[in-house]
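Below, read A as the first sequence line, B as the second, and so on, with proteins coming before strands; counting in each chain starts at 1. All values below come from the heavy atoms of this structure, side chains included, with hydrogens, waters and symmetry mates left out.
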Amino acid sequence: DAEITQSPRHKITETGRQVTLACHQTWNHNNMFWYRQDLGHGLRLIHYSYGVQDTNKGEVSDGYSVSRSNTEDLPLTLESAASSQTSVYFCASSESRVGNTIYFGEGSWLTVV
Amino acid sequence: TQLLEQSPQFLSIQEGENLTVYCNSSSVFSSLQWYRQEPGEGPVLLVTVVTGGEVKKLKRLTFQFGDARKDSSLHITAAQPGDTGLYLCAGLNTGTASKLTFGTGTRLQVTL
């Protein structure tokens, strides 16, 4: 079955370190998204991509970057981790047509100490 | 920035009770989705409503999209412990290629 997987599922890192969260989907979806989820804020969009070599900033993109070198993967990089980036991160993907179902990964719990 | 406010934030009820969760915005959305998220997992889509005034039913769950497409509600009849979870509404606008704006969430606990 097609799926979307995230790794690592849990990570503790130190302030200032670079961290990369991986996201891999096997649906061949063009659209991929990264969200963070925090209490009281719901899910907020960090970055998104509509296809290979395309990346766009979401509402909370500062301190994060993404790259899309193929259809299947959209890694999220925290350039210099900060305590404010402690959160649960969700990757998601969907087909190109507007309104199609968005499928979420199981989440990556990141703690910055 | 478009905002979606959900109420209540937390709800603890007993099995068999009915409940309604509200999702409100000052912005108009072309469609609205409801998700349920269980601990340790990502959100899972329950329903999409696209027409103002639309009502959709999914077993004991009834979803309604406001006439002006600014608000939505989720009504659960005879809640069961399996309904426990975080319920999220999310708005979508035409031309944003599935880029959702999520509500703040309603955490529901149903006890025996």
Side-chain angles (χ1 to χ4, degrees), chain A residues 3-10 21 23-25 27 29-51 54-61 66 68 74 87-109, chain B residues 1-10 21-25 27 29-51 54 56 58 65 69 72 74 85-108:
Chain A
E3 60 182 3
I4 181 166
T5 55
Q6 296 183 227
S7 64
R9 294 293 313 279
H10 297 88
L21 305 179
C23 175
H24 180 80
Q25 51 97 3
W27 279 296
H29 286 163
N30 282 327
N31 300 340
M32 293 186 74
F33 310 86
W34 272 105
Y35 289 88
R36 61 176 289 175
Q37 186 172 33
D38 306 285
L39 275 174
H41 290 282
L43 282 143
R44 293 181 291 174
L45 185 63
I46 305 171
H47 281 287
Y48 57 102
S49 169
Y50 293 151
D54 176 75
T55 61
N56 306 280
K57 293 182 178 180
E59 63 177 304
V60 290
S61 61
V66 293
R68 189 87 181 272
L74 186 71
S87 186
V88 184
Y89 292 87
F90 287 95
C91 181
S93 72
S94 71
E95 290 183 358
S96 297
R97 288 179 296 161
V98 174
N100 270 1
T101 299
I102 294 177
Y103 297 91
F104 284 84
E106 292 184 316
S108 294
W109 273 252
Chain B
T1 303
Q2 296 175 307
L3 294 175
L4 279 166
E5 297 288 338
Q6 286 185 238
S7 61
Q9 277 189 293
F10 302 97
V21 176
Y22 299 94
C23 174
N24 295 295
S25 175
S27 303
F29 291 98
S30 60
S31 64
L32 199 134
Q33 298 182 329
W34 283 91
Y35 291 79
R36 181 167 69 208
Q37 184 179 16
E38 300 193 17
E41 298 182 9
V44 175
L45 180 66
L46 294 173
V47 77
T48 301
V49 285
V50 297
T51 305
E54 181 178 2
K56 279 192 174 178
L58 187 66
F65 201 11
R69 289 185 286 126
S72 181
L74 157 61
L86 178 67
Y87 289 82
L88 296 159
C89 64
L92 181 64
N93 275 320
T94 304
T96 59
S98 302
K99 189 158 63 81
L100 293 168
T101 298
F102 277 89
T104 47
T106 295
R107 191 165 296 280
L108 172 64

Which atoms of Arg44(A) are under 4.5 Å from chain B, going by heavy atoms: the side chain, the backbone, both sets, or neither? neither
Do Trp109(A) and His10(A) have ring centres separated by under 6.0 Å? yes
So which part of Gln6(B) gets closer than 4.5 Å to some heavy atom of chain A, the side chain, the backbone, both or neither? neither
Just verifying a value: how many Å separate Leu21(A) CG and Tyr89(A) OH, rounded to the nearest 0.5 Å? 7.0 Å
Does any backbone or side-chain atom of Leu43(A) lie under 4.5 Å from a heavy atom of chain B? Answer side chain, backbone, both or neither. both
Given heavy-atom pairs under 4.5 angstrom as the criterion, report whether the side chain, backbone, both or neither of Gln6(A) touches chain B. neither
Within a 6.0 Å radius of atom CG on Leu39(A), are there more than 12 heavy atoms belonging to other residues, nucleotides or ligands? no
Tell me whether the rings of Tyr35(B) and Phe102(B) are parallel (<30°), tilted (30 to 60°) or perpendicular (>60°). tilted
